[in-house]
Amino acid sequence: MPLLPSAVLLAVFLAGPIGYCVYYAFTNMQLTGSATTDFVGFDNFTRAFGDPDFLNAVWLTLVFVVGSAIIGQNTLGLALAVMMEKASKPVKAITNAVVIAAWVLPEVVAGYLMYAFFFQQGSLNAILDSLHLPQQNWLYTLPILAACLANVWRGTAFSMMVYSAALNDVPQELIEAAEMDGAGPWQRLWRVTLPVIRRSIMTNLMLVTLQTLSVFGLIYAMTRGGPGNKSQTLPIFMYQQAFQNSLIGYGTAIALVLLLVGALFSTVYIRLLKLEED
Amino acid sequence: MAATTTPPATASTATKGARSAKGAPSARGSRAGRVRSSKLAVNVVLLLISVLYIVPLLWMLLASVNAHASFRLSLPDPFTLDNFGKVLNVDTTYRPMLNGLILCGGATFLCVVLSILAAYPLSRYRSRLRKPFLYTILFSTGLPITAVMIPVYSMFVQVNLIDSMTGTTLFLAASSLPFGIWLMKNFMDGVPIVLEEAARIDGAGSMQVLWRVVLPLMWPGVTVVTIFTFIGMWGNFFVPFILLLDPAKLPASVSVFNFLSAHDQTQYGQLSAFSIIYSIPVVVLYLLLARKLGGGFALGGALKG
């Protein structure tokens, strides 16, 4: 049975940890100190929901996902794809190349470049200065906004490619028919194009949400969750609880919450795809 | 992580040129003018966005050859290749790159071979197990792997796999396997079954058919899966960051981070030089992929279901 090796590897290295995750989340396991690990029931979860830092992390994760994925990457990706249909060839090639370059770079490199870009003496403030616009110590005053913009910079290529492909599949006759009936460009987009590609929109929303939910390296390289906890999203909060505060059990409970949210989105995604019947 | 950050995308641009040329001639004069000015507006907006996109990239390129690099975008003053010279040594560059190659290369190889094996029955045979397995695979591609890193760490501590290159390679392979299998299956679905039947009549077994008939027909698919798996892993920071401790075993994704935090503010040039060297493999692989498959690529199926 050629499925066997994959099934074994998946069971040991993915299903195993997920099972462990469920188990640890109900224990008070620690990295150091008390040698025994006890079953503590829902303590970790009660603790989390009473912990202002956890609630802060939930809020920031929500801001990060909605702001950078659902609004940022998704909308900019769609806008770029739509505009590129109309743009002249060299402009299209340039846009394509730079947007995809930002996406191909390794996560930590992207984080480093974004750190430099948003740094107080960095390029963004230099640009704002030359335009006589107010500057900002981005990483200090608005770190989550900087992280959101960084994630838009890094991730939009994905949505752009998904939408370019989807727009390509829109039958040209439909657009022309709408044009004959006197629909303007915006009406054509709203009434014809978007309804036709709605499945791509839904799938893209799911995928970018899932990707953004688990972003760690980008934010960690930029701000380490700081200053204080002002950019501490759930993955970073989870990491800090487990490894810096040595609270493995508590960190795992947070991981389980993250995993459940991911599983929820994943389920919706599968529903949307609906495997072909056979 | 690899499985969820890897991208499905298609973009066949062939029909586009013909399409955009169509609108103008039949239009009345005023409309042609409007089309032209809206095209101009679109071009301007796209160029502005491109400029914003390009600033950080340009900064990296310029800082790497600048003897006095700062965080501000500026021309090299004076131009120098010293930054590259200083990072090109065993500790900073060669060993981390080699470690990355061993980890990601090994995991990619494993992932691709296992994907081929798993995709074959999923693509060819109808069994009761097929659908649940496919759903499980699809479901796992969506799970945030970041979330399982803490339990994976605890598990690895218990079975003494922490700080083991083999353990990390296996985990990396497993984490990209769902996406690999899913993509591979979709590519395999595109290979006509007729040819296999002919081989079977000649008495070939399943494995022989797979290696001798199916596989040679789907090299583009295998290449796509291989390159995407590798690119995803090469950039992966969290997995090796958690599972490996010994500095001598760290791949470039983690060492660049340590480099980032350990160095004082005068080393931007070196950091940029190293970032460029570290990014070269994935950029080259990506360009190969884009070229081979004509600009965009048909990672069909991953999104279309």
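Lettering of chains follows the sequences in order, A, B, ..., and the numbering in each one begins at 1. Quick caveat: nothing in here was measured; it's all calculated off a predicted structure.
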Q: With a 4.5 Å cut-off on heavy-atom pairs, point out which of A:Met83, A:Gln120, A:Met206 contacts chain B the most.
A: A:Met83

Q. Who wins among A:Gly122, A:Ala81, A:Gly217 for the most heavy-atom pairs under 4.5 Å with chain B?
A. A:Gly122

Q) For the residue pair B:Trp234 and B:Tyr278, does the interplanar ring angle fall in the parallel (under 30°), tilted (30 to 60°) or perpendicular (over 60°) class? A) tilted

Q: Would you indicate whether the side-chain heavy atoms of A:Val82 and A:Tyr163 approach each other to under 4.5 Å?
A: no

Q. How about A:Glu107 and B:Asn236: does a side-chain donor come under 3.5 Å of a side-chain acceptor?
A. no

Q) Of the listed residues (A:Gly262, A:Gly19, A:Ser6, A:Ala255), which shares the most heavy-atom pairs with chain B below a 4.5 Å separation? A) A:Ser6

Q: Looking only at non-hydrogen atoms, find the nearest pair between A:Trp103 and A:Ala157 and report the distance.
A: CB-CB, 3.4 Å

**Q.** Aromatic ring proximity B:Trp211/B:Tyr120, centre distance under 6.0 Å
**A.** no

Q. Can you check side chain to side chain donor-acceptor pair (under 3.5 Å) on B:Gln158 and A:Tyr20, steps first, answer last?
A. CA-CA 12 Å; B:Gln158 292 195 352; A:Tyr20 256 56; 3.2 Å; yes

Q) Which region of B:Ile137, side chain (C-beta onward) or backbone (N, CA, C, O), has a non-hydrogen atom less than 4.5 Å from a non-hydrogen atom of chain A, or is it both or neither? A) side chain

**Q.** Part of A:Ile254 lying under 4.5 Å from any heavy atom of chain B
**A.** neither

Q. For B:Val113, is it the side chain, the backbone, both or neither that has a heavy atom under 4.5 Å from a heavy atom of chain A?
A. neither

Q. Can you tell which of B:Trp59, B:Phe274, B:Phe238 has the highest number of heavy-atom pairs within less than 4.5 Å of chain A?
A. B:Phe238

Q | Contacting moiety of B:Leu210, where chain A heavy atoms sit under 4.5 Å | A | neither

Q | Among the listed options B:Leu52, B:Val256, B:Ile242, B:Leu285, the residue most often paired with chain A at heavy-atom distances under 4.5 Å | A | B:Ile242

Q) Do the two ring centres, one from B:Phe257 and one from A:Tyr220, sit under 6.0 Å apart? A) yes

Q. Any side-chain heavy-atom pair from A:Leu80 and A:Val99 closer than 4.5 angstrom?
A. yes

**Q.** Taking every non-hydrogen atom, the tightest pair across A:Leu259 and A:Cys21
**A.** CD2-SG, 4.3 Å

Q: Sort A:Leu76 into side chain, backbone, both or neither according to what part of it lies under 4.5 angstrom from a heavy atom of chain B.
A: side chain

Q. Most heavy-atom pairs under 4.5 angstrom with chain B, which of A:Leu4, A:Ile100, A:Asn125?
A. A:Ile100

Q) What option among A:Ala126, A:Ala221, A:Ala7 has the most heavy-atom pairs under 4.5 Å with chain B? A) A:Ala126

Q.
Which atoms of B:Val283 are under 4.5 Å from chain A, going by heavy atoms: the side chain, the backbone, both sets, or neither?
A. both

(Q) Given heavy-atom pairs under 4.5 angstrom as the criterion, report whether the side chain, backbone, both or neither of A:Met160 touches chain B. (A) neither

Q) What's the shortest heavy-atom distance between A:Leu213 and A:Pro235, and which atoms? A) O-CG, 3.5 Å

Q.
Heavy-atom cut-off 4.5 Å, strictly under: side chain, backbone, both or neither for B:Met149 against chain A?
A. neither

(Q) Heavy-atom cut-off 4.5 Å, strictly under: side chain, backbone, both or neither for B:Ser272 against chain A? (A) both

Q. Most heavy-atom pairs under 4.5 angstrom with chain A, which of B:Phe133, B:Phe139, B:Phe237?
A. B:Phe139

Q.
Is B:Leu46 close to chain A through its backbone or its side chain, or both, or neither, when contacts mean heavy atoms under 4.5 Å?
A. both

Q: Mind listing the closest non-hydrogen atom pair of A:Ala150 and A:Phe118 along with its distance?
A: N-CE1, 4.3 Å

Q: Against chain B, label A:Phe216 side chain, backbone, both or neither, depending on which of its atoms sit under 4.5 Å from a heavy atom there.
A: side chain

**Q.** Among the listed options A:Leu234, A:Leu3, A:Leu105, the residue most often paired with chain B at heavy-atom distances under 4.5 Å
**A.** A:Leu3

**Q.** Distance flag, aromatic centroids of B:Phe179 and B:Phe228, threshold under 6.0 Å
**A.** no

Q. Looking at B:Ala118, B:Ala173, B:Ala41, B:Ser70, which one has more heavy-atom pairs under 4.5 Å with chain A than the rest?
A. B:Ala118

Q) With chain A, which of B:Ser154, B:Pro121, B:Gly235, B:Ser253 has the greatest number of heavy-atom pairs at distances under 4.5 Å? A) B:Ser154

Q: Report yes if the side chains of A:Met114 and A:Trp153 come closer than 4.5 Å at any heavy-atom pair, otherwise no.
A: yes

Q) Measuring heavy-atom distances to chain A, does B:Leu122 have an atom under 4.5 Å in its side chain, in its backbone, in both, or in neither? A) side chain

Q: For the pair A:Tyr239 and B:Phe241, evaluate ring pair (Phe, Tyr, Trp, His ring centres under 6.0 Å) and give the outcome as yes or no after the intermediate values.
A: CA-CA 11 Å; A:Tyr239 168 78; B:Phe241 180 61; 5.6 Å; yes

Q: Please flag which part of A:Ile127 lies under 4.5 Å from any non-hydrogen atom of chain B: side chain, backbone, both or neither.
A: side chain

